[in-house]
Amino acid sequence: MAETKTGSKLEKVLRSGVMAVTSECGPPRSSDPSHILAKGNIIKNHVDAINITDNQTSVTRLCSLAACIHLKLQGLEPVLQMVCRDRNRIALQADILGAASFGINNVLCLSGDHQSFGDHPKAQNVFDLDSMQLIQTVRHMRDEGRFLSGDEIKAPPNLFVGAAANPFADPFKIRVPRLAKKVACGAEFIQTQCVYNLDKFELWMKGVVERGLHEQVFIMAGITPMRSVGMAKYMARAVPGMDVPDELVKRLSGVPKDKQAEEGLTIAVEAIQRLKEVKGLAGFHIMAIEWEEKVPEIVERAGLYPRPVIQ
Amino acid sequence: MIVGQQKPFDEIWAMVRVHRRLTVFGCNTCVAVCHQGGNKEAEILASLLRMRAVQEGVEMDIAHGGIERQCEHPFFESAHELLEGSEAVLSMACGIGVQFVAEKYARTPVYPALNTTFLGDVKTDWHFTEKCQACGDCILGLTGGVCPVTRCCKRLFNGPCGGSSKGKCELSKELDCAWQLVVDRLEALGKLDDYEKITPIKDWSKDRAGGPRSFKLEGF
């Protein structure tokens, strides 16, 4: 997977064989961009690219594309997250061109959380395409230089195309085939759901390697530090598709309240250190939810700093 | 069949209370099966409205009747006189029947007594579930006979999403994950490998997105 196809810094790092590190920032519920710029600047020297979420959990926010542009104009490397929930193929393709016009080099194709979880549960949803079809769409625009309609794009967008994977959702038996399907659609990098059940993740990666998928796509493990035992219990109970083992909850319960955040960071660092040894893994996607200031510490303690310098 | 549910009684009353001669008109096929809009339910609703009229001191002559189907002309013959003499009609049919009555009796106000809820099956005498959205381009042959357009909350053609847990949808523990059902069916059919076939981007012009649909039989 040596040949670089886009101008993406993330792609260059991944193809160089170095473990890549990404993180994510959620845009504000406001028209003031200073918040997202501040978050980006805190982590920029410790990650290779920064995902910008797209109305995550279906809560209305400053749009992902605009937030990516703000970061890009400051010289940061954003990953544009795009969900299929809110836009049809016309709007999605338009935004892909818009992103490329600002030199945004990375896109992450997602279905999107259902709107019933967000601030506008009475909204209509779109789902004109699904996440696999969005991957196909971006690759088609880039590689064929055409819209889905077949019409030519004079200056095609040149984006490095990513997708998500959740090794912990059911049915488990199709989780490797599902990844294979995303690869067949054209995904070039994968960022996974938060990994807490390391045994199950390793089992999934074993299946991935057996099929040789790790040679066709860069897989980055999702890491989210727990800030408290309350958060761990909430994620175990209420977040769909999340697998939080009882031992992790017990471990956090075993330390005093004011030390739980520190323990959560240590658990995250230990997870990275163990998963670094997993065959086929290409990097880490650190999602410190509203806790971005801790990303540099995690990256440093996990031995992933300094980040490579890419020209 | 088409499944409907009666609107809240206060909402129905608010629509019809201004009229002096009202006909509550049942539709005795689909919406009778779900015990919401048949001729029997029309009779019951008419009684309730008469009581309400008395309670509020409103003078209102309320008749009731019904036919087998409010979506086809021939069935209306037996009820023509009743409807012709009505100042207003409260139709117990689905939205199709309500519109059909409105089209037939151009100067008679027609109100819906039901909310048309979905195209579904009769799981038991008292439990009805949505199975089809009439998207106009059926893919059940690819998905083991389980419709992801209707039964997946994100209508994913290449699911399941990351929220599928223990066979249930992330929206509700009462709701089966459509893609778990697809996978189970493909496995039972010995065709689990078919899961990896990519369902292509859908032509939604055959859905409601393409405008109201109709078709004509050639040479009929």
Of all heavy-atom pairs between [X] and [Y], which one has the smallest distance, and what is that distance?
X	Y	answer
B/P160	A/R175	CG-NH2, 3.2 Å
B/V183	A/K173	CG1-CE, 4.2 Å
A/D128	B/W204	OD1-CD1, 2.8 Å
B/C153	A/F127	O-CE1, 4.4 Å
A/Q136	B/I198	NE2-CG2, 3.6 Å
B/G162	A/A169	O-CB, 3.3 Å

A/R178 bridged to B/E196 by N-O distance under 4.0 Å: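 Salt bridge between A/R178 and B/E196, a charged N being under 4.0 Å from a carboxylate O: no.
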Count the heavy atoms belonging to other residues, nucleotides or ligands that lie under 6.0 Å from [atom1] of [X], then report whether that count exceeds 12.
X	atom1	value
B/E56	CD	yes
B/R208	CZ	no
B/K104	NZ	yes
B/F9	CZ	yes
B/E87	CD	yes
B/R185	CZ	no
A/L97	CG	yes

Validation row: B/L171, A/H114 side chains within 4.5 angstrom (heavy atoms):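 In short, these two side chains touch, coming nearer than 4.5 Å.
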B/E187 side chain near A/P171 side chain, heavy-atom distance below 4.5 Å: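 The answer is no; the side chains never approach within 4.5 Å.
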What part of [X] gets within 4.5 angstrom of chain B, counting heavy atoms only: side chain, backbone, both, or neither?
X	value
A/C84	neither
A/L110	neither
A/Q193	neither
A/R85	neither
A/K182	neither
A/V239	neither
A/F117	side chain
A/I174	both
A/N166	side chain
A/Q115	neither

Rounded distance (nearest 0.5 Å) linking atom [atom1] of [X] with atom [atom2] of [Y]:
X	Y	atom1	atom2	answer
B/I201	A/L129	CD1	CG	5.0 Å
B/Q180	A/D170	CD	CG	6.5 Å
B/L156	A/M132	CG	CE	9.0 Å
A/M242	B/E170	CE	CD	11.0 Å

Side chain, backbone, both or neither of B/K168 within contact of chain A (heavy atoms, under 4.5 Å):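 Contact with chain A involves no heavy atom of B/K168 at all.
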Side-chain H-bond candidate by donor/acceptor type, A/K181 with B/N158, under 3.5 Å: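 Indeed, the side chains of A/K181 and B/N158 share at least one donor-acceptor pair under 3.5 Å.
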Donor-acceptor under 3.5 Å (B/K154 side chain, A/G112 main chain):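 Such a contact is found between B/K154 side chain and A/G112 backbone.
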